[in-house]
4 protein chains.
Amino acid sequence: MGIMGQAMAANLVKAGFEVSVWNRTAKKCEPLIKHGAHHGASPAEVVANCDITFAMISDPAAARELCFGTQGVLEGITPGKGYIDVSTVDPQTSVEIGLAINKKGGRFLEAPVSGSKKPAEDGVLVFLCAGDNFLYNEAMPALEVMGKKTFYLGEVAKGAQMKLVINMIMGTMMTAFGEGLSLGEKAGLNMSDIITVLDQGVIANQMFRLKGPMMAEGNFPTAFPLKHMQKDMRLALLMGNENGQSLFTAGAANASYIKAKNKGCDDDDFSAVLQVIKE
Amino acid sequence: MGIMGQAMAANLVKAGFEVSVWNRTAKKCEPLIKHGAHHGASPAEVVANCDITFAMISDPAAARELCFGTQGVLEGITPGKGYIDVSTVDPQTSVEIGLAINKKGGRFLEAPVSGSKKPAEDGVLVFLCAGDNFLYNEAMPALEVMGKKTFYLGEVAKGAQMKLVINMIMGTMMTAFGEGLSLGEKAGLNMSDIITVLDQGVIANQMFRLKGPMMAEGNFPTAFPLKHMQKDMRLALLMGNENGQSLFTAGAANASYIKAKNKGCDDDDFSAVLQVIKE
Amino acid sequence: MGIMGQAMAANLVKAGFEVSVWNRTAKKCEPLIKHGAHHGASPAEVVANCDITFAMISDPAAARELCFGTQGVLEGITPGKGYIDVSTVDPQTSVEIGLAINKKGGRFLEAPVSGSKKPAEDGVLVFLCAGDNFLYNEAMPALEVMGKKTFYLGEVAKGAQMKLVINMIMGTMMTAFGEGLSLGEKAGLNMSDIITVLDQGVIANQMFRLKGPMMAEGNFPTAFPLKHMQKDMRLALLMGNENGQSLFTAGAANASYIKAKNKGCDDDDFSAVLQVIKE
Amino acid sequence: MGIMGQAMAANLVKAGFEVSVWNRTAKKCEPLIKHGAHHGASPAEVVANCDITFAMISDPAAARELCFGTQGVLEGITPGKGYIDVSTVDPQTSVEIGLAINKKGGRFLEAPVSGSKKPAEDGVLVFLCAGDNFLYNEAMPALEVMGKKTFYLGEVAKGAQMKLVINMIMGTMMTAFGEGLSLGEKAGLNMSDIITVLDQGVIANQMFRLKGPMMAEGNFPTAFPLKHMQKDMRLALLMGNENGQSLFTAGAANASYIKAKNKGCDDDDFSAVLQVIKE
């Protein structure tokens, strides 16, 4: 029930699905309960109550804890239950969770999303699914409520890998954008002019268009937290090491996100990396 | 009369402007002459014949030679003549050329373009103008034929600087894209899936959409030559050194373009940098 | 009984210690057995036979297998046994092995070495020890035979961390050296002149002095395999991610080692990274 | 008569050479005049008074100004005069100065030095000479007083290039060292332990040994100013662009020096780059 989870669950409730929710700090569930969601006392209870359970958590460690912890997801799994992890985790974590669910007769789909706060609220996320193909089809009505497009990419891990690739490109584009804005400003150009010019060319994109003007004013309202971007960059670089892919630009971008974390930008939007680029 | 110059001049001829053309190798002028352009025997002669002369050449050295060389632009300049350099050069070169033109009573506008082969042909370039404001207004009818949008950014050098900032961002986005495509492929994803997923998200842009599918097939038909991108990256990095801007990701991207040049990709599209990223 | 293990064990045998050896492929133990070493049928048997067991393997996965595998080290541990891992592994692996040994009443010291083939043969390695302080003292006579200097750095993991820091600096120095040599050569200088000049200044060091002349001739006889350097760089970068340390130069160096591995230089000396730098 | 020039001239005076000195701010010449040096009213006058003139200035712009400016070196040059520039400039500047000196019948030797404050004071610099071979031989007695070793590398520019290669390696080694120290400290190691361990291995060198302990205490007394190191890194990267050499690690190092300059470390020792690495 973080930024993403609340918005996604709200859309399911609104669409008429019967929804049970659980969150580590129960208070965050209240708005949803007011709108008709049930409250599960534990992850295990939510799984026991539902045919299909969606999980949206922040990092691999939390994903494992949610699944393997006391009163966790795994304890609620019985044959036929569907578990869909829409978080961005590393491929290995995804595989381990999937195997554990399978061993208890459950079915597993990883379905990390592309899109942050606004698309989650608007129900236009993109789901990068991999794993159990039947579960994928069964969950489609719910996925269609929360998203505008779903992909089925093959065996478990492929969704996580796709997500990391996408976020790595996004994170590196952001530092490239930040370097350009800061270089221009130091040379006497207006950041807002740069943003306008960019928006006329072949690299015009929504991220520059939406975040750029706020960045120019030093505002970084959180759509996708910087600490999560840094985590994804780290996981993508790990994937590079494992697959023999040199990542010179992504590696440089990651180091800038680490510097931004040290500066205290963990919970700002990842566009706050501009602040360390300007230094 | 390279890729860009031919397309731009053709649009001027088509629109009914009286156009004189010159090119180092005269042969390249022939198609335009067939369609009604005059041929100038030298840059000086073109300038002498025309109220406003546009120059589109490939790098700072060529821009200086064109202006200061024997029978060059400067020899044709008389009071009131307008000279518009639409090439991408470094800010210092632009300032030196502008000063020399001014000293002879001429007027100077730098107007580097954003956009490559296709936008040049379609007359939808973006002009980043700086320098003589009256000349800017006088040239507007011609600029509107060749482009969809013009910016006036202030004193000479600002146009060159804006162009370098834009191209630096573009060049770094390309290596980020390439690293993502190659990482994904090595991990077992399809490049075409990655391109489709990217096109659903906030970083969807025309460059990824148009070049991506060709890159996935190992085709790099030249819209913007790699050697020119590397030159622009180099000039942007120089600008960073002069303005105290650290450029970690752009610096890494530049080094990849250098490697691609060594591999013989000078005249391929700059998306051919994917080939060295894959190694 | 790889490059390092053979040399270290040989020095122990020569010094009169009673030595038992084991290697996955038994054949590599033969030279030592000829000189008086016993042969253990398994890691567990070696541990059962000896008061103190040294392990020198190539990576974290192998270190875990050796310890936790069937007939592995752990099976031979009884209260009081000493186990010293002189391999370079990641801090976490070291901690897990140490804990497992402790739980069975054994004592654990991690003692990764600084130094490669030649120092191993000459008995002038440097041991970076951390863990059980009594075991450290008891093992001193053996450590003194194999090395010229030992450090005691505190609790388990500190030795592994120190080793990774040292190797990260070394690996990055090597790419800096390679970039300088290659840049000089392309500009018309002789690599051998560069090496001579370097040896006159404040950064003169044995690595440049010994490897440089061979690198200039395109020879990379293996003292420290490139694949192991890349592994250590990867682990150091992971440590950076975990400790909030941006590593811009080390990250760039690591990417060059990955490229070198792709080129097939896995088993060459890590100085072979020069080959990809030259491209 | 900066840090270097004063020390070098003092050694010449001490050795009994007849020395004339000039400095932009005359006051800095006083200590030398007290010890017997003559004072030249301008660079031209110094050249007129001396057979061989040495110049030690801070950057290419200053080197050009000294040579081509009013009352500059060039005005004093008559046939046979020797001019030796021991500064670190870019190869192109060196070539232009050499040509101008030659045109007036003078002889030119570039002889950038390897070594900073202490070696300058102790007369143990290393001279990287290129240009007029006869002048090289004639100047040898003076070079031997100021240095411990001289190299003759060929035509003008080769000395400048060699110097840039050496300093690029040194500058990158420093950021590698700084990254290692900072990573170690964040992980709980003592910087002084790291420095001690490094000094036992194959990469032990005087720079780490001398600067390391001061860096660990946050002291950066200036031997070689950070702003000059950044300038040399910039020139080396430019050389890389011109010679088709990718410089991934050196490029990352340069960006860190730019950040350090922005932080106000211009006049600190270049080891002060540690401060931005720690952030």
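Below, chain A is the first sequence line, B the second, and so on; all start at residue 1.
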For this session: Taking atom CD of B:Glu279 as the centre, report whether more than 12 heavy atoms of other residues, nucleotides or ligands fall under 6.0 Å from it.
Result: yes

Problem set entry | Leading residue by heavy atom contact count with chain B [cutoff under 4.5 Å; candidates A:Gly178, A:Ser114, A:Ala176] | A:Ala176

Exercise. For chain B, which of A:Leu181, A:Leu164, A:Asn205 has the most heavy-atom pairs under 4.5 Å?
Worked result: A:Asn205

Problem set entry | Region of A:Leu125 in contact with chain B, defined by heavy-atom distances below 4.5 Å | neither

For this session: Look at atom CD of A:Glu121 and say whether more than 12 heavy atoms of other residues, nucleotides or ligands are closer to it than 6.0 Å.
Result: yes

For this session: Name the region of A:Ala204, side chain, backbone, both or neither, that has any atom closer than 4.5 Å to a heavy atom of chain B.
Result: backbone

For this session: Please report the closest heavy-atom contact between A:Met170 and B:Val202, naming both atoms and the distance.
Result: CE-CG2, 4.1 Å

Problem set entry | Pair A:Thr249, B:Glu179: side-chain N/O donor-acceptor within cut-off below 3.5 Å | yes

Exercise. In terms of heavy-atom pairs under 4.5 Å with chain B, which of A:Pro119, A:Ser182, A:Ala157 leads?
Worked result: A:Ser182

For this session: Side chain from CB out, backbone as N, CA, C, O: work out which of these in A:Met168 comes under 4.5 Å of a heavy atom of chain B, or both, or neither.
Result: side chain

Exercise. B:Ile194 versus chain A, heavy atoms under 4.5 Å apart: side chain, backbone, both or neither?
Worked result: both

Exercise. Non-hydrogen atoms of chain A under 4.5 Å away: do they reach the side chain of B:Leu128, the backbone, both or neither?
Worked result: side chain

Exercise. Got a donor-acceptor contact below 3.5 angstrom from the B:Lys186 side chain to the A:Gly244 backbone?
Worked result: yes

Exercise. So with a 6.0 Å cut-off around NZ of B:Lys117, is the heavy-atom count from everything else above 12?
Worked result: no

Seminar exercise, completed: Of B:Val126, B:Val165, B:Ile169, the one forming a side-chain contact (heavy atoms from CB on, under 4.5 Å) with A:Leu198 is B:Ile169

Exercise. Looking at A:Ala187, A:Gly115, A:Ala253, A:Ala252, which has the largest count of heavy-atom pairs under 4.5 Å with chain B?
Worked result: A:Ala187

For this session: Please flag which part of A:Leu247 lies under 4.5 Å from any non-hydrogen atom of chain B: side chain, backbone, both or neither.
Result: both

Exercise. In terms of heavy-atom pairs under 4.5 Å, which option from A:Leu183, A:Thr172, A:Thr196 contacts chain B the most?
Worked result: A:Leu183

For this session: Could you tell me which portion of A:Lys118 (side chain, backbone, both or neither) has an atom closer than 4.5 angstrom to a non-hydrogen atom of chain B?
Result: neither

Exercise. For A:Val197, is it the side chain, the backbone, both, or neither that has a heavy atom closer than 4.5 Å to a heavy atom of chain B?
Worked result: both

Problem set entry | Residue pair B:Leu189 / A:Gln161: nearest heavy atoms and the distance that separates them | CD1-C, 4.0 Å

Exercise. Hey, does B:Phe248 have a side-chain heavy atom less than 4.5 Å from the side chain of A:Lys259?
Worked result: no

Exercise. For the candidates A:Gly180, A:Gly184, A:Gly240, which exhibits the highest count of non-hydrogen atom pairs separated by less than 4.5 Å from chain B?
Worked result: A:Gly180

Exercise. Given that the side chain runs from C-beta out, which part of A:Ser116 has a heavy atom under 4.5 Å from chain B: side chain, backbone, both or neither?
Worked result: neither

Exercise. Tell me, side chain or backbone of B:Lys211 under 4.5 Å from chain A's heavy atoms, or both, or neither?
Worked result: neither

Exercise. By a 4.5 Å heavy-atom criterion (distance strictly below it), what part of A:Lys149 contacts chain B: side chain, backbone, both, or neither?
Worked result: side chain

Problem set entry | CD on B:Glu185 to CD on A:Gln245, rounded to 0.5 Å | 9.5 Å

For this session: State, yes or no, whether a side-chain contact exists between A:Phe151 and B:Gln200 at a heavy-atom distance under 4.5 Å.
Result: yes

